[in-house]
Amino acid sequence: MASVAIVYHSGYGHTKAIAESVHKGAASVAGVTATLISVADAEQHWDTLAKADAIIFGAPTYMGSVSAEMKKFMEASAKVWFTQGWKDKLAGGFTVSAAYSGDKLATLQQFMVFAGQQTMLWVPLGLMPGFNSSKGSIDDLNRVGSYSGLMVQANSDQGVEGIAASDFKTAESYGARVAGLAVKIGA
């Protein structure tokens with residue numbers, strides 16, 4: 001049985017909703033247990049993270065970076081880094097901001113560097129960009145067009161209803177991709 005943990009911070013509920021979709025996708029893969037962990041509860045889950053085959057990190061992009069709460073979690077993992085406790089685990093990441101770009105790539109790069117420092121193996125999104133031609137639509141998976149990880153656009157004047165249904169489907173797809181690779185590598 002493979003184990004996938006989704007560790008996230010959400011300031012206004014958008015990132016939590018996407019984390020739930022990533023979790024749903026991961027849990028849909030046969031032979032996988034998926035655990036959703038808010039960084040607010042991370043202290044209670046270090047053992048869960050130690051046993052996980054894959055960890056997917058999620059945070060809103062604030063001012064071109066991960067949120068402060070996610071950064072605190074990342075810094076709290078220094079003891080794990082020192083013992084190389086997450087070495088060769090799969091890693092992935094997702095982020096949400098109001099703008100289509102919103103400098104989300106900087107957040108994903110921050111997650112990739114963090115995963116590299118933890119000697120983890122990064123899993124990219126694995127989808128071609130959608131919504132990038134005259135035949136594309138907002139309903140396309142990967143409508144924001146990321147390769148590195150999952151990027152989601154959420155309208156700043158709305159709650160979760162301001163996130164396109166295709167972004168939730170893309171989140172499920174990414175969770176399933178990471179989980180499927182965890183099963184495949186574990187086999």
Side-chain angles (χ1 to χ4, degrees), residues 1-29 31-97 102-104 106-123 148-152 154 159-160 163 168 171-172 174-179 181-183 185-186:
M1 185 70 100
S3 173
V4 176
I6 298 95
V7 181
Y8 73 94
H9 170 251
S10 186
Y12 298 97
H14 302 96
T15 308
K16 179 182 182 195
I18 295 300
E20 289 167 348
S21 290
V22 171
H23 176 264
K24 181 179 177 183
S28 75
V29 175
V32 171
T33 3
T35 306
L36 195 58
I37 302 169
S38 167
V39 293
D41 303 324
E43 285 298 319
Q44 303 162 24
H45 292 281
W46 289 112
D47 192 49
T48 303
L49 296 170
K51 292 176 183 173
D53 298 295
I55 304 173
I56 304 171
F57 306 101
T61 295
Y62 291 157
M63 306 306 290
S65 181
V66 298
S67 61
E69 294 303 313
M70 177 54 76
K71 184 67 170 128
K72 286 179 192 175
F73 164 78
M74 293 163 74
E75 291 177 8
S77 74
K79 290 179 185 174
V80 177
W81 167 81
F82 186 74
T83 63
Q84 293 293 277
W86 294 345
K87 186 176 183 142
D88 295 336
K89 290 182 186 294
L90 296 178
F94 61 95
T95 188
V96 180
S97 74
D103 295 320
K104 290 187 228 356
T107 297
L108 290 179
Q109 288 172 329
Q110 194 170 9
F111 282 143
M112 285 186 276
V113 169
F114 174 67
Q117 290 175 339
Q118 293 283 4
T119 60
M120 300 172 81
L121 307 171
W122 187 261
V123 179
S148 303
L150 173 62
M151 291 183 186
V152 173
V160 173
I163 301 173
F168 288 107
E172 286 182 40
Y174 189 50
R177 174 174 164 74
V178 174
L181 287 170
V183 169
I185 290 172

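This chain uses plain numbering: 1 for the first residue, then up along the sequence.
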Output for pair (His45 NE2, Thr35 OG1), nearest 0.5 Å, gives 8.0 Å
*asked:* Are Tyr174 and Phe94 an aromatic pair, judged by ring center distance below 6.0 Å?
replied: no
Nearest heavy-atom approach of Gly25 to Ser28 is O-OG, 2.6 Å
Closest non-hydrogen atoms of Ser10 and Gly13, given as atom of the first, atom of the second and distance, are OG-N, 3.1 Å
Output for pair (Lys79 NZ, Trp46 CH2), nearest 0.5 Å, gives 9.5 Å
Output for pair (Leu108 CG, Met151 CE), nearest 0.5 Å, gives 5.0 Å
For His23 and Ala34 the tightest heavy-atom approach is NE2-O, 3.1 Å
Using a strict threshold of under 4.0 Å (side-chain N to carboxylate O), is an ion pair present between Glu69 and Lys72?
yes
Looking only at side-chain N and O atoms, does Ser148 offer a donor or acceptor that is under 3.5 Å from a partner on Gln109? no
Nearest heavy-atom approach of Ile56 to Gly93 is CG2-N, 4.1 Å
* Asked: Is the closest basic N to carboxylate O distance between Lys71 and Glu75 below 4.0 Å?
  -> yes
To the nearest 0.5 Å, atom CD of Glu172 lies from atom NZ of Lys24 at 4.0 Å
Worksheet item: Which of parallel (below 30°), tilted (30 to 60°) and perpendicular (above 60°) describes Tyr62 and Tyr12?
Response: perpendicular
What one should report as the nearest heavy-atom pair of Ala19 and Leu36 is O-CD1, 3.6 Å
Inset, instruction - Apply side chain to side chain contact (heavy atoms under 4.5 Å, CB included) to the pair Thr48 and Ile37, showing each step before the final yes or no. - result: CA-CA 9 Å; Thr48 303; Ile37 302 169; 4.1 Å; yes
Exercise for the section: Using a cut-off of 6.0 Å, state whether more than 12 heavy atoms not belonging to Trp122 lie near its atom CH2. Expected result: yes
NZ (Lys16) and NE2 (His9) are apart, to the nearest 0.5 Å, by 12.0 Å
Regarding Thr61 and Lys104, is there a side-chain donor-to-acceptor distance under 3.5 Å anywhere? no
Practice task
Would you check, one step at a time, whether the test side chain to side chain contact (heavy atoms under 4.5 Å, CB included) holds for His14 with Val152?
Solution key: CA-CA 9 Å; His14 302 96; Val152 173; over 6 Å; no
Taking the side chain as everything from C-beta on, heavy atoms only, tell me whether Asp53 gets closer than 4.5 Å to Leu90. no
| task | For Phe168 and Ile18, run side chain to side chain contact (heavy atoms under 4.5 Å, CB included): C-alpha distance rounded to whole Å, both residues' side-chain angles, the deciding distance at 0.1 Å, then the answer. | result | CA-CA 6 Å; Phe168 288 107; Ile18 295 300; 3.8 Å; yes
Nearest heavy-atom approach of Ser77 to Trp86 is CB-CH2, 4.0 Å
Worked verdict on Phe111 versus Met70 for side chain to side chain contact (heavy atoms under 4.5 Å, CB included):
CA-CA 10 Å; Phe111 282 143; Met70 177 54 76; 3.8 Å; yes
Item to check | Check: Ser67 side chain, Ala59 main-chain N or O, donor-acceptor pair, under 3.5 Å | outcome: no
